[in-house]
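Data block below; observations after.
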Amino acid sequence: MTDLRQHARRAAVALGLASAALSLSWALGATWLVDTVGGPAGATSGLTASLVTLGAAGVKAAVALLPLVPHRWARPPALLAGWVLLAYGTVVALVGAGVLTGVVPSAPDADLRAIAWHTLLWDPWFALWGAALLLSLRPARGGGSADTHSPGRHLAGGWAGRR
């Protein structure tokens, strides 16, 4: 595995687990930064909101750990998750930037503080996580998957070449 792919894998796992940990803390009742999320997540409390946030934390943790799963079946969901994270984070951050600059009209009751947090932190975080996940999945140089045929592939970690 190339250095770039190793660093990307570590970054993807770290970004995903940090996001999952934050969601878990909110599910357990923490309020730190929850008002920066906006919408139902920022305004709703109670058992239903905690269960939804707990579910989000679980999904985030599962996606975060995909690069460490030593099986080929983990690659397709990891690719899908990477593209979804990258697309979602990029599009929502760009729309948020449009709202904050006045290019995109916003509702009179729009939570501009939450939009700013999404534009500057939360959505770029998702985009960066997706980009790191996708970079960790790139094939080795030369267009082929040289990792899958190398003698040390089982010692390299991750799913490269695993069955």
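Along the sequence shown, the residues carry numbers beginning at 1. Basis for what follows: all heavy atoms, side chains included, without hydrogens, waters or symmetry-related copies.
- Listed by first then second residue, pairs satisfying side-chain hydrogen bond (donor to acceptor under 3.5 Å, both in side chains) with a partner in residues 77-96 number zero, not counting sequence neighbours.
- Judged as a side-chain contact (heavy atoms from CB on, under 4.5 Å), and not counting sequence neighbours, the contacts of A20 are K60, A61.
- Hydrophobic clustering, with ILVMFWY side chains joined whenever heavy atoms are under 4.5 angstrom apart, keeps L112 apart from L120.
- R75 places none of its side-chain heavy atoms less than 4.5 Å from the side chain of V69.
- Atom-to-atom distance recorded for I115:CD1 and D123:CG is 10.5 Å, nearest 0.5 angstrom.
- Within the structure, side-chain hydrogen bond (donor to acceptor under 3.5 Å, both in side chains) pairs that include any residue of residues 93-107 do not occur (at least two apart or interchain).
- When all heavy atoms of A127 and L86 are compared, the pair lying nearest together is O-CD1, 3.5 Å.
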Please walk me through it: do L22 and S25 pass side chain to side chain contact (heavy atoms under 4.5 Å, CB included)? CA-CA 5 Å; L22 192 54; S25 73; 3.9 Å; yes
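- Atom CH2 in W26 sits 6.5 Å away from atom CG in L33 (nearest 0.5 Å).
- Using a 4.5 Å cut-off on side-chain heavy atoms (C-beta onward), V63 and L85 make contact.
- Under the rule for a ring pair (Phe, Tyr, Trp, His ring centres under 6.0 Å), the partners of W125 that lie at least two apart in sequence or sit in another chain are W122.
- Across P124 and A93, no two heavy atoms sit closer than the pair CD-CB, 4.2 Å.
- Linking Ile, Leu, Val, Met, Phe, Trp and Tyr residues whenever their side-chain heavy atoms come within less than 4.5 Å places V92 and L128 in a single cluster.
- Between L66 and P77, the shortest heavy-atom distance links the atoms CD1-C, 4.0 Å.
- Under a hydrophobic-cluster definition in which Ile, Leu, Val, Met, Phe, Trp and Tyr are linked whenever side-chain heavy atoms come within less than 4.5 Å, directly or via other members, V37 and W117 are assigned to the same cluster.
- Expressed to the nearest 0.5 Å, how far CG of L24 lies from OG of S19 amounts to 11.0 Å.
- Taking CG from L54 and CG from L28, the interatomic distance works out to 7.0 Å, rounded to the nearest 0.5 Å.
- Nearest heavy-atom pair across P67 and L133 is CG-CD1, 3.4 Å.
- A distance of 11.5 Å separates NE2 in H118 from CG in L100, rounded to the nearest 0.5 Å.
- Every residue two or more places apart in sequence or in another chain that forms a side-chain contact (heavy atoms from CB on, under 4.5 Å) with A64 is listed here: L17, W129.
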Carefully, step by step, assess L137 and R5 under the rule side chain to side chain contact (heavy atoms under 4.5 Å, CB included). CA-CA 7 Å; L137 298 169; R5 288 176 45 209; over 6 Å; no
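- Members clustered with V84: L80, by chain and number, using a 4.5 Å side-chain heavy-atom cutoff among hydrophobic residues.
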